[in-house]
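In the text below, chain A, chain B and the rest are named by the order of the sequence lines, each starting its count at 1.
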2 protein chains.
Amino acid sequence: MDRRGHTSEDLTSLIREEILKEELRPGSKLTEQQLSSRFEVSRTPVREAIGRLEAEGLVETIPNRGAFVVGLSAVDTADLFEIRKHYEVITARNAAERADKVDFERLDESMEFMRHYTERGDLRRMKRINRDFHEALYAAAKSRLLLVSIRRVNIYLKLSVHTKDYRREHLTEILSEHERVYRAVKKRDPEKAAMAMYEHIANMSRRALKKQ
Amino acid sequence: MDRRGHTSEDLTSLIREEILKEELRPGSKLTEQQLSSRFEVSRTPVREAIGRLEAEGLVETIPNRGAFVVGLSAVDTADLFEIRKHYEVITARNAAERADKVDFERLDESMEFMRHYTERGDLRRMKRINRDFHEALYAAAKSRLLLVSIRRVNIYLKLSVHTKDYRREHLTEILSEHERVYRAVKKRDPEKAAMAMYEHIANMSRRALKKQ
DNA sequence: GTTTCAGCGATTGTATACAATTGTATCATA
DNA sequence: TATGATACAATTGTATACAATCGCTGAAAC
């Protein structure tokens, strides 16, 4: 294999993915030696990977006992949705205040693609563009710490809930909600942007929960 | 010295504190060997500490180059206040929904002390009781993930900004705000609790900024 | 039969040794 | 003198060795 100094980083991604896919079940123990022999590396990068995952909140370590895959209760998941909602709202508000030329270009582009894919009913690409749009907002908000937190929450949600939040019949609805956020940011109206985002996220939750 | 297995954890706190107090300036490089000799430990726990701080967003590492202090900008601090406000609001809402008998007893006790110290004008003890009250709310909210985040934010704020947020002339005001939150939680009125907390935090900011 | 505690195995935590990478300084050459 | 290549020093990344800790087992005492 061709590992050039990135072992630790790669390992983090690998283990994270296994946790997200529930191949490593919540509650199960992460033994350093097991992982190191499985991935054919020493314990050192394994420890670093586990450390990162712990900071991300995907695993929990008990001193001198080991690391355990963290499981989320229903309450935890509900909290996460709530937390993310507020993160997104703050982000939208800050984006409206702080977006610069580059951010606007990125947002413009995202919206262009989104309109296009909505028209074509391309669900898969819409999902990706949706992420791009929100990422563009995060960037525009220029809140470094918020970014770290929101990324973590998104990881948690990806881990805990398997939503079919995108349905074809909702595409135009979603588009128009995004448009509203977009226009508010563009007009540099922080409160309007915050409000629009609040409603968008609330609607997303409603749509996700509609029929499971 | 008496270091029993907690070296890495302690190191993280020590370095974090130095960064937040700007004893380690933003942009400066964190050399592993320097830190390890300064704290008289090996490079291993130093690396783990740096890894954690990187995950927190306080340092940034460039592969094969090293770790650099990022620190908190003015914008970061403003964001932290905003983030904390929302954390406290969510906490209050959840506390109103989820508090059990033990939580109520703890809240009752906090409020009792608070009334007492307000009457006596004991600033120092009020500050401590204030923390207790909020901690009791965190516990009542039963949001594990929120707790982790809010603790971190509080540490950041405590170490990075030096506010004189408590003045004697504000004590009764603060007390009555707390009473409102308390009563809403006690009545299990989540929205009222959230609202009361929102105003309380907003007022705290206003008071803190009043005359610096 | 139950309880307690000592010893052992397994695992984590830390230190050190080694490999790989990067940046710099030196020297040769155009 | 400027430029580029190469050797070297410094530093990070990884592996391994050693120490400390925890939980379990099993035997002895009651």
Checklist entry - When the distance from CG of B:Asn64 to P of C:dG23 is rounded to whole Å, what number comes out? => result 9 Å
Next on the checklist: At less than 4.0 Å, is any side-chain N or O atom of B:Arg47 found next to OP1 or OP2 of D:dG13? Yes or no.
Outcome noted: yes
Next on the checklist: So, using side chain to side chain contact (heavy atoms under 4.5 Å, CB included) as the criterion, who are the partners of A:Ile19 when residues are at least two apart?
Outcome noted: A:Ile15, A:Leu24, A:Leu53, A:Leu58, A:Val59, A:Val69, A:Leu159
Checklist entry - Separation of A:Ile62 atom CD1 from C:dG13 atom P, in whole Å? => result 11 Å
Next on the checklist: Tell me the interatomic distance from B:Gln33, atom CD, to D:dG13, atom P, rounded to whole angstroms.
Outcome noted: 14 Å
Checklist entry - Can you tell me how far P of D:dT11 sits from CD1 of B:Ile50, to the nearest Å? => result 13 Å
Next on the checklist: Can you confirm whether the side chains of A:His86 and A:Glu82 place a donor and an acceptor under 3.5 Å from each other?
Outcome noted: yes
Item to check | N/O (side chain, B:Lys29) to phosphate O (OP1/OP2, D:dA10) under 4.0 Å | outcome: no
Item to check | Nearest-neighbour nucleotide for the A:Arg65 side chain, D:dC22, C:dG13, D:dT12 considered | outcome: D:dC22
Checklist entry - Which residue pairs pass the salt bridge (charged side-chain N to carboxylate O under 4.0 Å, His left out) test with at least one member in residues 149-161 of chain B, sequence neighbours excluded? => result B:Glu135-B:Arg151
Checklist entry - If we ignore angles and hydrogens, is there a donor and acceptor under 3.5 Å between the side chains of B:Asp132 and B:Ser110? => result no
Checklist entry - Got a sec, which pairs hit salt bridge (charged side-chain N to carboxylate O under 4.0 Å, His left out) with one end in residues 68-81 of chain B, sequence neighbours left out? => result A:Arg98-B:Asp79, A:Arg144-B:Asp76
Item to check | Counterpart residues, side chain to side chain donor-acceptor pair (under 3.5 Å), relative to A:Thr91 (two or more places apart) | outcome: none
Checklist entry - At under 4.0 Å between heavy atoms, what does A:Leu30 touch on the DNA or RNA strands: base, sugar-phosphate, or nothing? => result sugar-phosphate
Checklist entry - Can you name the ring-ring contact (aromatic ring centres under 6.0 Å, His included) partners of B:Phe133, sequence neighbours left out? => result B:His178
Item to check | B:Pro45 side-chain proximity, nearest of C:dG23, D:dG13, C:dT14 | outcome: C:dT14
Checklist entry - Could you state the CD-P distance from B:Glu48 to D:dT12, rounded to the nearest angstrom? => result 16 Å
Next on the checklist: Rounded to whole Å, please give me the gap between CD in B:Glu40 and C1' in C:dT14.
Outcome noted: 15 Å
Next on the checklist: How many whole angstroms separate atom CZ of B:Phe68 from atom C1' of D:dT11?
Outcome noted: 11 Å
Anything under 3.5 Å between a protein N or O and an N or O of nucleotides 16-18 of chain D, put it in a table, one pair a line.
{"residue": "D:dT16", "atom": "O4", "partner": "A:Thr44", "partner atom": "OG1", "Å": "3.4"}

Checklist entry - Whole Å only: how far is the CD atom of B:Glu32 from the P atom of C:dA15? => result 14 Å
